[in-house]
Novice: 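Would you mind keeping the following structure in view while I ask a few things?
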2 protein chains.
Amino acid sequence: MPFTIRQIAEIAGVSRGTVDKVLHGREGVSDEVRARVEEVIRKADYVPNRLATELSQSMKERRIAILMTPLNPFAEKVREGALAAAKELRELNCSVDVLIMREFREDEQAESLHQIIDTHPDGIAVMALDGNLTREALRRAEEEHIPVVTFVSDIADTARICFVGQDIPRGARTAAELLARAVGQKGRVAILHGPISMSAHRQRIESFENELSEGFPQVQVSGFADIHDDDETAYRETGLVLEDRKLAGIYVTGAGVGAVARAVKEQGRNVRIVCFDLTRETERLLREDEVDFVIDQGAFGQGREAVRLLWNYLVHKTVPKEGRFYTDTTIYVKALLK
Amino acid sequence: MPFTIRQIAEIAGVSRGTVDKVLHGREGVSDEVRARVEEVIRKADYVPNRLATELSQSMKERRIAILMTPLNPFAEKVREGALAAAKELRELNCSVDVLIMREFREDEQAESLHQIIDTHPDGIAVMALDGNLTREALRRAEEEHIPVVTFVSDIADTARICFVGQDIPRGARTAAELLARAVGQKGRVAILHGPISMSAHRQRIESFENELSEGFPQVQVSGFADIHDDDETAYRETGLVLEDRKLAGIYVTGAGVGAVARAVKEQGRNVRIVCFDLTRETERLLREDEVDFVIDQGAFGQGREAVRLLWNYLVHKTVPKEGRFYTDTTIYVKALLK
DNA sequence: ATGAAAGCGCTAACAT
DNA sequence: ATGTTAGCGCTTTCAT
């Protein structure tokens, strides 16, 4: 068995309470004693027992608040992940409130954040919109010493302790390779993307194009269109890019894949499709051979880890290195389903 | 906060010790009291606190024994996973001994198992060879009430509490789809497989062929060879299958991929390769475009989960449903690396 | 058959 | 500044 705090205390010739203070950098210990205790901890390679810490911490009641943008199939899975983590935390006397925004608007997000801060939660997780109102609200959280984790989408210049999300360039480069393979490593492809105002979509376009030009120079991007994560627009824009009779593939960065596939199918064209996020819809499209590859970026895990990381920070003061946590990027094909 | 055992005891009008006995089906409780307590537990939807259980269980010193077949790059990762889990268990007063066989032989496995059983460990995890000597040894473990988990490879007709491993048919079907795509969904492919005496290799062949004939009828299997997980044999046999000048792809079920790729390259042939398990070697082959897809079946996770599941059984008496735990099947392509 | 109490390792409030 | 102690929820031994 590893050393216990009791043994450390004995060796250092002090009480457990004193060791605890040293461990957490609390005051009330003379410099001399502190140095001695630290030395013993170091030599013994002492690490506090995780279970014991969490169990004793469960004396204190805690509350984590989560703010999510409006639900879609992707966000729905994120929510499920957050709820799963919340369930685990119940026995640790920590509750998790999930608040879902009505609209995808920055002013609503800021307002909700202020309301949440008013209730003084122990921690906040937020799918951050990258704008100044949100930034201001998060600064207030910082002032009030409420730790913040951003998840799914990040925001610059704030003191969030961590971002939990996808490694977007990695997924996009993977998409490029897979679409290139699906079309036989040559030919023309189109990019149908979501709202360009979201940095995630911009990055998905950029990394995709870089990977193509570096690794598959015979595959050219011949068309772009913003389909606004919206089925109707997607259907219409797909019709337009299909006017290129030589189009071999379509890369879809966001929602609306069902409509894209429908347009392709109705025209009886052989155009390969690669998209993101395994949902009921994309799973169906894989099964029906409408889509060749789906790149999943762990929606469930994003929700779950956001909550877990916040808890770990609260009780252990730990944070992933670099202040980021990337969920797995997973490739799905038809045969891998079920 | 959920109910505690203390509250359950109060409501039922008994002591905590009595509730504990009821929870674990121990004797020393009258039928009448048992029924009453069970009713309260049910109504309150009481679940014991996991952390508290484990912490209190750490009073008892435990020992888990692991028996592994000789190391190769795959087994090495499995071992790392087991060691990672072992590290987590140290603070719970549970030690993990890993024993590695000298040779890949059933008699040695049986002998080692008997020696392990002689030391009366609290649990055993074994990469089981499917034969009668091993089977007998595992029966003895059962008689002596030592729980057994098989991992990586399973054995029929024994009372192992669980098997931890790959979903082999799933991986093999995925390999078929990917190789079919890599060769353009038509043409001839060869199967270079490991020791046919191992059921894993037989299954990998069978499911691969099934998926091809169901989903990709224009892809035919034109050659087979046993390469014995061995580089020299692999190189030689690859030369032979390459005599088919129209060969478009090779499916490798086990080790030896490096030699296969070398033979292909030396002949300057354009033959696509799909194989299993991300290792330093296969990672290199992906980077150099020698291999198109690597299907990884979570070696690290297999080692880690074997140990974790055994621990969970020891302290919580829980077992995964169906008595199996499959690690993730993950597709790797070049762009997904790093 | 049932209950009381000590102990797992850690934290924090309280006493010295 | 430092030590003492009562918990967190559960298990287990020892009384009754």
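Hydrogens, waters and symmetry mates are skipped; everything else that's a heavy atom, side chains included, is used. Note that the structure is a prediction, hence the values are computed from the model and not measured. Lettering of chains follows the sequences in order, A, B, ..., and the numbering in each one begins at 1.
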Novice: Between B:Asp118 and B:Arg140, is the closest basic N to carboxylate O distance under 4.0 Å?
Specialist: yes
Novice: Is the shortest distance from a Lys or Arg side-chain nitrogen in B:Asp122 or B:Lys60 to a carboxylate oxygen in the other one below 4.0 Å?
Specialist: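 No, no charged N to carboxylate O under 4.0 Å.
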Novice: Is A:Glu142 salt-bridged to A:Arg139, going by a charged N under 4.0 Å from an acidic O?
Specialist: no
Novice: Rounded to the nearest angstrom, tell me the gap between atom CD in B:Glu27 and atom P in C:dT2.
Specialist: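 The distance from CD of B:Glu27 to P of C:dT2 comes to 13 Å, rounded to the nearest Å.
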Novice: Can you name the side-chain contact (heavy atoms from CB on, under 4.5 Å) partners of B:Phe74, sequence neighbours left out?
Specialist: B:Asn72, B:Val78, B:Val152, B:Gln166, B:Asp277, B:Ala299, B:Gln302
Novice: Taking the axis from the first five pairs and the axis from the last five, what angle separates them in the helix from C:dA1-D:dT16 to C:dT16-D:dA1, rounded to 10 degrees?
Specialist: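 Axis angle across the helix from C:dA1-D:dT16 to C:dT16-D:dA1, nearest 10°: 60°.
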Novice: Taking 4.0 angstrom as the limit, do B:Arg324 and B:Asp167 come out as a salt bridge?
Specialist: no
Novice: Assign a letter to each nucleotide of nucleotides 7-16 of chain C from its 5' end: B, base within under 4.0 Å of a protein heavy atom; S, sugar-phosphate only; -, no contact.
Specialist: BBBBBB----
Novice: Strictly distance-based, threshold 3.5 Å: is any side-chain N or O of B:Gln109 a donor or acceptor partner for the main-chain N or O of B:Leu129?
Specialist: yes
Novice: So does A:Lys77 pair up with A:Glu80, basic N to acidic O under 4.0 Å?
Specialist: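 Judged by the 4.0 Å cut-off on N to carboxylate O distance, A:Lys77 and A:Glu80 do not form a salt bridge.
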Novice: Phosphate oxygens OP1/OP2 of D:dG3: is one of them under 4.0 Å from a side-chain N or O of A:Thr18?
Specialist: yes
Novice: Does the distance from a Lys or Arg side-chain N to an Asp or Glu carboxylate O, for B:Arg308 and B:Glu88, drop under 4.0 Å?
Specialist: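 Counted as a salt bridge, because a side-chain N and a carboxylate O are separated by less than 4.0 Å.
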